[in-house]
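The structure appears right after this line, and notes come after that.
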Amino acid sequence: MLVLGIETSCDETGVALYDSCRGLLVDALYSQVEVHADYGGVVPELASRDHVVKTLPLIDQIMVEAGVTKPDLDAIAYTAGPGLVGALMVGASIGRSLAWSLGVPAIGVHHMEGHLLAPMLESSPPLFPFVALLVSGGHTQLVNVQGIGEYEILGESLDDAAGEAFDKAAKMLGLDYPGGPRIAKLALAGDCSRFTFPRPMIGRPGLDFSFSGLKTHTLNTVQACKDEQGVVSDTDKADIAAAFQLAVVETLVIKCKRALKQAELKQLVIAGGVSANQLLRERLQKMLSGLGGQVFYARSEFCTDNGAMIAYAGCQRLMASQQEGLSVNVKARWPMNELSNLADKD
């Protein structure tokens with residue numbers, strides 16, 4: 001089955017072709033980072049307009065690269081949520097319309113399920129069951145994964161997601177959007193031991209997260225470091241960035257260790273934009289090695305939003321005879337526990 005995947009949930013336009021026998025054939029991505037950088041975050045209207053301009057040319061591009069034509073497609077998968085409604089509508093409308101014109105099935109894919117399954121595109125994918133840490137600009141969740149669609153939410157953020165906290169901390173330090181890569185780069189020149197930042201909610205039972213207090217602590221530290229002219233030195237910025245990053249990473253690692261113990265599992269998958277953070281990968285690898293377990297993650301280009309993960313996730317559900325009707329339905333919010341169990345469709 002040859003599946004076209006379309007991802008337009010936020011500020012990246014991703015398309016890909018996945019074949020159920022040959023694997024991932026080709027993928028392409030257009031990032032809107034420069035479009036939104038001047039605003040310090042994603043502007044929904046601008047994101048939607050850019051998807052309108054970029055999606056169809058990207059589809060044509062990957063068709064040429066793969067040496068196939070649209071009539072060769074067996075199905076189409078598109079992101080149906082969660083995400084920005086306007087942005088989702090672009091990909092869903094294009095995907096659903098193209099499927100109708102070709103007379104092939106189409107399916108709306110859950111964005112976070114796509115991230116969760118992205119490591120399956122690697123040469124050594126994880127086997128079910130495992131614990132997944134989904135950590136991005138919009139989500140921070142720990143999930144017990146028994147199979148595709150068999151998801152138990154173990155814990156999630158009660159306020160800001162980890163990626164959102166990175167963006168806000170970066171803005172406090174005068175860094176450009178997106179904040180995660182900027183803080184990680186600046187932290188390399190910093191002393192993480194100079195400032196003591198809190199590890200939120202690690203002293204409480206449960207697996208939920210909260211990064212609002214850490215964000216406030218960062219703001220207070222920045223204010224305290226300002227000189228008489230209201231300027232924070234480059235050294236202070238680097239030290240704050242290093243302390244902030246370490247606090248987030250250690251919080252995530254502690255909660256992951258607890259989740260693995262609670263689920264009685266030794267396989268951990270990390271996915272989402274923040275999973276590209278090298279310090280997080282190193283600390284999780286060290287923790288899993290100590291437990292005699294293993295950590296899995298997607299290659300860097302598949303950590304952020306992309307069409308490959310949507311094509312793969314959609315292909316799995318389409319092969320289980322799932323598909324959508326002619327109507328276009330997208331969801332800004334869509335809990336993962338509402339997804340159907342793939343095993344029930346066999």
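Any value given below was found using the heavy atoms of this structure, including those in side chains, with hydrogens, waters and symmetry copies removed.
Side-chain atoms of Arg199 do not come within 3.5 Å of backbone N or O of Leu252 as any donor-acceptor pair. The backbone N or O of Leu29 sits nowhere less than 3.5 Å from a side-chain atom of Glu12 that would complete a donor-acceptor pair. Under the 3.5 Å distance criterion, the side-chain polar atoms of His139 are left unmatched by any main-chain donor or acceptor of Gly163. Side-chain atoms of Lys255 come within 3.5 Å of backbone atoms of Asp208 as a donor-acceptor pair (strictly under, hydrogens ignored). A donor-acceptor contact shorter than 3.5 Å is absent between the side chain of Asp50 and the backbone of Leu46. At distances below 3.5 Å, not a single donor-acceptor pair connects side-chain atoms of Arg258 with backbone N or O atoms of Leu207. In this structure, Thr8 contributes its side chain and Gly91 its backbone to a donor-acceptor pair below 3.5 Å. Formation of a donor-acceptor pair under 3.5 Å by the Asp239 side chain with backbone atoms of Ala242 is not found in this model. The closest donor-acceptor contact from the side chain of Ser275 to the backbone of Gly272 lies under 3.5 Å. Judged purely by atom type and a 3.5 angstrom limit, Asp38 has no side-chain atom pairing as donor or acceptor with the backbone of His36.
Note on ring orientation: taking the six-membered ring where Trp is involved, the planes of His111 and His115 are perpendicular (angle over 60°, cut-offs 30° and 60°). The aromatic rings of Phe197 and His217 stand perpendicular to each other, their planes meeting at an angle above 60°, with 30° marking the opposite boundary.
Enclosure of atom OH in Tyr39 is not indicated, since only 12 or fewer non-hydrogen atoms of other residues, nucleotides or ligands lie within 6.0 angstrom. In Asn220, the CG atom is crowded: over 12 heavy atoms of neighbouring residues, nucleotides or ligands sit closer than 6.0 Å.
Side-chain contact between Leu56 and Ile94: present, with at least one pair of heavy atoms (C-beta onward) separated by less than 4.5 Å. Annotation: side chain of Ile148 is in contact with side chain of Phe128 (closest heavy-atom distance under 4.5 Å). Side-chain contact between Pro129 and Leu265 is present, with at least one heavy-atom pair separated by less than 4.5 Å. For the pair Glu324/Pro105, no side-chain contact is recorded, criterion being any heavy-atom separation below 4.5 Å from C-beta on. The shortest side-chain heavy-atom distance between Phe244 and Ile183 falls under the 4.5 Å cut-off. Contact of the Tyr297 side chain with the Leu284 side chain is not registered, since no non-hydrogen atoms from C-beta on lie closer than 4.5 Å. The side-chain heavy atoms of Leu158 and Met201, taken from C-beta on, include a pair separated by under 4.5 Å. Looking at heavy atoms from C-beta onward, Leu4 lies out of side-chain contact with Tyr78 at the 4.5 angstrom threshold.
Residues Ile59 and Met89 fall into different hydrophobic clusters, defined by Ile, Leu, Val, Met, Phe, Trp and Tyr side chains chained together at heavy-atom separations under 4.5 Å. Under a hydrophobic-cluster definition in which Ile, Leu, Val, Met, Phe, Trp and Tyr are linked whenever side-chain heavy atoms come within less than 4.5 Å, directly or via other members, Val269 and Leu260 are assigned to different clusters. The cluster map of Ile, Leu, Val, Met, Phe, Trp and Tyr, joined by side-chain heavy atoms under 4.5 Å apart, puts Leu117 and Leu133 in different clusters. Taking hydrophobic clusters as Ile, Leu, Val, Met, Phe, Trp and Tyr residues chained together by side-chain heavy-atom distances below 4.5 Å, Met1 does not share a cluster with Val68. Connection of Val145 to Trp334 is established within a shared hydrophobic cluster, with ILVMFWY side chains joined at heavy-atom distances below 4.5 Å, either directly or through further cluster members.
Among Leu24, Leu2, Ile310, Leu25, the single residue meeting the side-chain contact (heavy atoms from CB on, under 4.5 Å) criterion with Tyr18 is Leu24. With Gln245 as reference, Leu279 is the one residue of Ile240, Leu280, Leu279 to meet the side-chain contact (heavy atoms from CB on, under 4.5 Å) rule. Screening Glu338, Gln146, His110, Glu113 for a side-chain hydrogen bond (donor to acceptor under 3.5 Å, both in side chains) involving Tyr151 leaves a single residue, Glu113.
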Apply side chain to side chain donor-acceptor pair (under 3.5 Å) to the pair Arg96 and Ser327, showing each step before the final yes or no. CA-CA 8 Å; Arg96 180 63 267 177; Ser327 61; over 6 Å; no
Run Val52 and Arg49 through side-chain contact (heavy atoms from CB on, under 4.5 Å) and show every step you take. CA-CA 5 Å; Val52 170; Arg49 292 180 180 181; 5.6 Å; no
Give the intermediate values and the outcome of side-chain contact (heavy atoms from CB on, under 4.5 Å) for residues Asp236 and Arg194. CA-CA 9 Å; Asp236 289 342; Arg194 179 183 168 195; 2.5 Å; yes
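Looking at Ser212 and Asp160, their side chains never bring a donor and an acceptor atom within 3.5 Å of each other. For the residue pair Glu7 and Ser9, a side-chain donor N or O sits within less than 3.5 Å of a side-chain acceptor on the partner.
Considering all non-hydrogen atoms of both residues, Phe211 and Ser157 come closest at CD1-OG, 4.3 Å.
For Glu282 and Lys286, the salt-bridge test fails: no basic side-chain N is under 4.0 Å from an acidic carboxylate O. At a threshold of 4.0 Å, the pair Asp60-Lys70 counts as salt-bridged, since one of the basic side-chain nitrogens sits closer than that to a carboxylate oxygen.
At least one cation-pi condition fails for Lys171 and Tyr177: the charged atom is not both under 6.0 angstrom from the six-membered ring centre and inside a 45 degree cone around its axis.
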